[in-house]
Amino acid sequence: MTSLKQILTDIVAEAFEACGIDKKYGAVEVSTRREMADYQCNGALAAAKPYKMNPRQIGEQVMSKLQESSADIFSEISLAGPGFINLRLNNDWLANRVQSVAADESGRFGVEPVADPKMIILDYGGPNVAKPLHVGHVRTGIIGESLKRLSRFLGHEVLSDIHMGDWGLPIGQIIVEMEDRDFDRVYFDADYTGPYPEDPPVSVQELAEIYPTASGKSKVDEEFRARAQKATSELQEGRPGYRALWQHFMTVSVADLKKNYGSLQVEYDLWLGEADVNDLINPMVDQLKKDGFAYLSDGAIIIDVKDDADKKEMEPLMVVRSNGAVGYEATDMATIVQRVRDYDPDFVWYVVDGRQQHHFKKVFRAVYKSGIANPDKVSLEHTYNGTINGPDGKPFKTRDGGVMSLQVLVEMVIDKARQRLAEIDSTAQYSAEEQEDIAQKVGIAALKFSDLVNHRTGDYIFDLERFSSFEGRTGPYLLYAAVRNQSILRKAAEEGLAAGTILPPAGDEERELQLKLLELPDLLDFAFDQRAPNHLCDYAYNLAIAFNRFYRAHHILNEEDAAQQASWLGLAQLTVDVLKHVLYLLGISVPERM
Ligand code: ARG
């Protein structure tokens, strides 16, 4: 089914054409003033100048064409102000559309899969091995997950990749620190080549302590740093003991990442990382040198990435450092080599902190310039995110000023949800297991919705009280709205009442709800184009509000007219299905009851 906006645009465009005016002026938008119109077209104003006509005169002509062609669709066509064409849908026509969406059992709610599916690689999360996930990994994970679900639902082919930071200096630092702490010698003895113990010599908890110590030492102790750098290059070159250690780090970290991102329902198709492109780096560097893009400078291999239009200085990108180690830029470039080779994507979206904009600018320039990626074939986009801040406006910290781990943050929101649910005392009669499941869902919804409701590029302040409230634009409110709607339907079913054909709206509240339901396809397209899940949040909230108003205006369960009652039940069912689906696209699950 085509989107409503598209259908109306086609109709109005045809009317413009019939008046001898280019049909591009026929674009129709949802009206922001529902008391005036459902949809409106502002094309007469834009066409006035090129056609040297008065906009109202164009409007009059288009209107009379519309009256001829589409009297069955519109109940009212009017001209407002300097030439806005206002359209109000005929109630029968409106209800028919809603009914056909409700009758469609494919679970697509009137959203057609895109005609031209794209291949999209979504790079998000980007945790660093051996470092616990922290608050900085929350946004990238949940925004990326939502973009994945949205794109996939629209019919695109999507692969999500966690792209672990598993190959740089931090690993070298940990290796040296472990050597100094007398971990099993087999890993550090250059003459020993295996076999190595099967059990990991460290746990994630230990790594979480070892890494910051090592990185702290590296900052102040020059000798330590030099050893860590050397260990990093040796690891990258394949020293067996270091590779064996690295493998252990990966095993324990990946298990921990799966658990922690799993608790947020953030899931990946590919568990690749920087290390996976190690073998692509040398051939890439050779090619870059051969083609004259990379050259030696002070012992390092660099690529110029400045552009004539740059206002600020743009330093060259360092592919290989003078000590032979390859860094973040090189692995990101080689990852593009690999992605283009293996997946031939149309898009690569990097949902990564906005503070890395400069890094991506350089990497994208280098790969486009050198032909590693063809700008006409693949669009590399840093779909960046802002930070979660504390009340001081700086990245959110623990009470004592430490790094807030993701696990602690998740526990905090779930605790708060338990407390809130206990206060309203609505779940006490359920089993302990169900209560816990509800608390988890409410907590995760609180965290995710409050994050996603902000445009991804902005920062926001973490406010647990507000995020976990059952009122306002919050995850818990939306869960509550969906659950309440579900319970109405359950009650109806118990009374033997079933949903039926959706009838023309019985009042403004119902009309608004029907119109809202038909906005879904356009809304999803828009969120996709903007790479911005916050539009889904706004939609979910507005849909819940529209349902509330409708529900207050009509007593569904007491209605005496059976056809009317069945119609309202059908509308309630469609609303809860759409609401739950939009929440699903946000990565939020709804409990059966709460
Ligand atoms: N590991 C990186 C960091 O913590 C993020 C990786 C993001 N993805 C990428 N392809 N660079 O900063």
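Side chains included, hydrogens not; waters and symmetry mates left out as well; all remaining heavy atoms used. When a ligand or atom number is given, it counts from 1 through the structure's own listing order.
Closer than 4.0 angstrom to ligand 1 lie heavy atoms from Asp123, Gly126, Asn128, His163, Tyr328, Asp332, Tyr350, Val352, Gln356, Phe360.
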Show every donor-acceptor pair shorter than 3.5 Å between a side-chain atom in residues 281-288 and any protein atom, with sequence neighbours excluded, or say none if there are none.
residue : atom : partner : partner atom : Å
Gln287  : NE2  : Asp291  : OD1          : 3.3
Gln287  : NE2  : Asp291  : OD2          : 3.2

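In this structure, Phe153 has its ring center closer than 6.0 angstrom to the ring center of His581. Taking the six-membered ring for Trp and the full ring otherwise, Phe183 and Phe188 have centroids separated by 6.0 Å or more.
Scored by the side-chain hydrogen bond (donor to acceptor under 3.5 Å, both in side chains) test, Tyr187 finds His248 as partners (sequence neighbours excluded). Remark: Asn278 engages Trp167 in a side-chain hydrogen bond (donor to acceptor under 3.5 Å, both in side chains) (not counting sequence neighbours).
Side chain of Thr383 to main chain of Tyr350: a donor-acceptor pair is present (N/O by atom type, distance under 3.5 Å, no hydrogens or angles).
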